[in-house]
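Before any comments, here is the structure.
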Number of protein chains: 2
Amino acid sequence: MQPAPPPPRAPLALRDRPAVTLRQVAERAGVSMITVSRAINTPHQVSERTRVRVQEAVSSMGYVPNLIAGGLRSARSHVVTALVPTLTGPLFGEMVQALTDALELRGFQVMLGQVGYAHSREDELLRAIVGRRPDGIVVTGIMHSPEGRRMLMASGIPVVETWDFTDTPIDMLVGLRHEELGAAVCEHLFAKGQRRLALLSGGDERAARRARGFEAAAVRLGLHKPAVRLGKSPTTHADGREGLAALLADAPDIDAVFCSSDMLALGVLTEARVRGIDVPGQLAVVGFGDIDFAQTVSPSLSTVRIDGTRMGQTAAHLIADRAEGKAVEEPVVDIGFSIIERESA
Amino acid sequence: MQPAPPPPRAPLALRDRPAVTLRQVAERAGVSMITVSRAINTPHQVSERTRVRVQEAVSSMGYVPNLIAGGLRSARSHVVTALVPTLTGPLFGEMVQALTDALELRGFQVMLGQVGYAHSREDELLRAIVGRRPDGIVVTGIMHSPEGRRMLMASGIPVVETWDFTDTPIDMLVGLRHEELGAAVCEHLFAKGQRRLALLSGGDERAARRARGFEAAAVRLGLHKPAVRLGKSPTTHADGREGLAALLADAPDIDAVFCSSDMLALGVLTEARVRGIDVPGQLAVVGFGDIDFAQTVSPSLSTVRIDGTRMGQTAAHLIADRAEGKAVEEPVVDIGFSIIERESA
DNA sequence: CTGAAAGCGCTTACAG
DNA sequence: CTGAAAGCGCTTACAG
């Protein structure tokens, strides 16, 4: 976080006026600071008359309590930090929304830190986050960097890893096994009669895992080794169009494509249509994510759905229970996945 | 899918001890607390020998400075909070990424707070954010609630409003005039020869503003009052399909649709194709956002692009300059927009 | 180059 | 129901 050049300090006077403090409110209300604190945080511990006096002072002075200071003393920040790889994708939105809503009900505020798919600055960001002592940390994906894992473990902060699965979680985990998912999609296509499979995948780790499961299942089923085209994440519609073109150039006889995202799959649908390839008649297409348009494009898109709402809610309760010192019975949850069958496969 | 039984948990030997403090590091290194602080934050103020000793203590003990405590004393949190309406849309991703990158270079970390399109809990969230005393706040859109405006102004925290325009900003602003944008799209369609215009719009405020500009321009140009269909935000692909169907039911002779998002426009393209309506021959379509697929769908989508990167970078420097006490010459910036002409219009 | 004291704005832990 | 004192973990402001 803090880079080399010593930051030029802002003269405090430049801020319009320093914020109103608890002490000033207490003076105005004619009570002690601790009484103001109670009137705000635990009003039932204070007499009606006092509460009203304090309330008047608070609103007339526009007092907004400094939660940082309170958190420092009480060692409870009421903040949970969620690390998300990107804001561009719709995939994590549902989970983050559910996480936010569920934690809000339990008195926590969610702050988001953006990681990007690159792992380069992850440790640095992590240091900045751990340094702010949140009451919990939700990680998208599995934390791999040994330095990062050590820092999180040593911090004593409750951690939930999500969206993936490992036998060695840092602390708690709500995710799914992407190899199994890849295998299940392969079996689904096989059951539908497809025999020359192909794979179009972004470069992130979970997509790679799905790809591995898909390929292994194809071998088990006695099929040809799938034609594979790998790109990078996040995946785009253009990647989907180019990807199908490249696959067809190499392997013109493919009859099914499993795409690592719905956007990629949408690109494949577009390219197929432009080329006059019938979906699913000549080519079956499966996406991943079940986002927005999957149900209403034409042909509608068969895809794999992860229950982001359940994942977010589960993560929220794990974090909140741990932060409140409650016992967590089931710290590792596999939420699975479901294949949504529509027109495209 | 049946989840497999969870594996045994990793041992958490390191967890549950209170975090290492500056005092402990100082004892280990045999120097005072302030010297440790300097060795970490302003190493040039400390002798080589001391710096090495401190560095060894820091890494052997896994010390992560408590930035909250430091921030309390120094009145500089090095955090900028950005309020975004939703994570589901790709629209804000580019801006937030640019904001994050630019602020990181200047020593600030960006934390995101999710507002949702509903304004109901906005004040509550704002209180939680102002209470954490960030060094800056970036708001998506214009803040309207009088309570919220008062709180932000009284806080003395630098504020940048974005994505919209007003003559009464709270503090600073980087945005654009959505009425002008709507009018420009109307004029573009007129110039292309379209005469029976229609409008398909989500319910958020900026979309409504674009709609107003669009309708006003149609009147100025002597056209029929556009057929209008309003929905809610965020808009979906399904809304686009249903929207076009509804517009055609009411006004079968329309020859152009301006959609308040690219996703809506994609739904319109799908519905038109299914109905055998030629785009742009029988129906011109314009989106908003220039996201991912706009360039590569078929027909490619004419749309309106906002330079999110420039908006994010500009906001970053406004915030950082203000936080560092530098003078801000141009606190209100209109970044404009551009109409991207492709096949659909 | 180094350090002892004070203080940031709250809450905790006692005490009445 | 109310309050005086101590302290959370740092940095500031002095002083040497």
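Order of the sequence lines sets the chain letters (A, B, ...), proteins ahead of strands, with each chain counted from 1.
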So which nucleotide from [options] ends up closest to the side chain of [X]?
X     : options                : value
B/L72 : C/dC8, D/dG3, D/dT11   : C/dC8
B/T35 : C/dC10, C/dT2, D/dG3   : C/dT2
A/S47 : D/dT2, C/dA4, D/dC10   : D/dT2
A/M33 : C/dC8, C/dG3, C/dT11   : C/dT11
B/I34 : C/dA13, C/dC10, D/dT12 : D/dT12

Check your understanding: So, A/R149 and A/H144: side-chain donor and acceptor under 3.5 Å apart, yes or no?
Key -> no

Review point. Does a donor on one side chain sit under 3.5 Å from an acceptor on the other, for B/S60 and B/R28?
Key: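 B/S60 vs B/R28: donor-acceptor pair found between side chains.
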
Revision key, fill the gap. Between B/A69 and B/V46, whichever has its closest DNA chain C nucleotide further toward 5' is B/V46

Distance check needed: [N] [atom2] versus [X] [atom1], whole Å only.
X      : N      : atom1 : atom2 : result
A/R76  : C/dC10 : CZ    : P     : 19 Å
A/I40  : C/dG9  : CD1   : P     : 15 Å
A/R51  : D/dC1  : CZ    : C1'   : 12 Å
A/Q45  : D/dG3  : CD    : P     : 13 Å
B/E27  : D/dG9  : CD    : C1'   : 14 Å
A/H44  : D/dC1  : NE2   : C1'   : 12 Å
A/R132 : D/dC8  : CZ    : C1'   : 17 Å
A/R23  : C/dC10 : CZ    : P     : 10 Å

Practice item. Indicate yes or no for a side-chain donor-acceptor contact from A/D164 to the backbone of A/I142 under 3.5 Å, with no hydrogens or angles considered. Key: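 Looks like no, no N/O pair under 3.5 Å.
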
Practice item. Mind checking the CD1-CZ spacing from A/I68 to A/R132? Nearest 0.5 Å is all I need. Key: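 A/I68 CD1 to A/R132 CZ: 8.5 Å, rounded to 0.5 Å.
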
**Study point:** Euclidean distance, A/M311 CE relative to A/I335 CD1, rounded to 0.5 Å
**Key:** 4.5 Å

Review point. Step by step, would you call B/R127 with B/E124 a salt bridge (charged side-chain N to carboxylate O under 4.0 Å, His left out)?
Key: CA-CA 5 Å; B/R127 177 169 297 271; B/E124 205 176 333; over 6 Å; no

Study note, to complete from the structure: On DNA chain D, more 5' by nearest nucleotide between A/T50 and B/I68 is A/T50

Exercise for review: Between B/R38 and B/Y63, just flag the one whose closest nucleotide in DNA chain D comes earlier from the 5' side.
Suggested key: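 Result: B/Y63.
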
Using a cut-off of less than 4.0 Å, is there contact between a side-chain N or O of [X] and OP1 or OP2 of [N]?
X     : N      : answer
B/S74 : D/dT11 : no
A/N41 : C/dT11 : yes
B/T21 : D/dG9  : no

Review point. Taking any strand in view, what nucleotide pairs with C/dC14 in a Watson-Crick or G-U wobble way, both distances under 3.5 Å?
Key: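 Paired with C/dC14, as far as the under-3.5 Å criterion goes, is D/dG3.
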
Check your understanding: Is any side-chain N or O of B/R73 under 3.5 Å from a base N or O of C/dG9, one able to act as donor and the other as acceptor?
Key ->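 Per atom types, no contact qualifies.
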
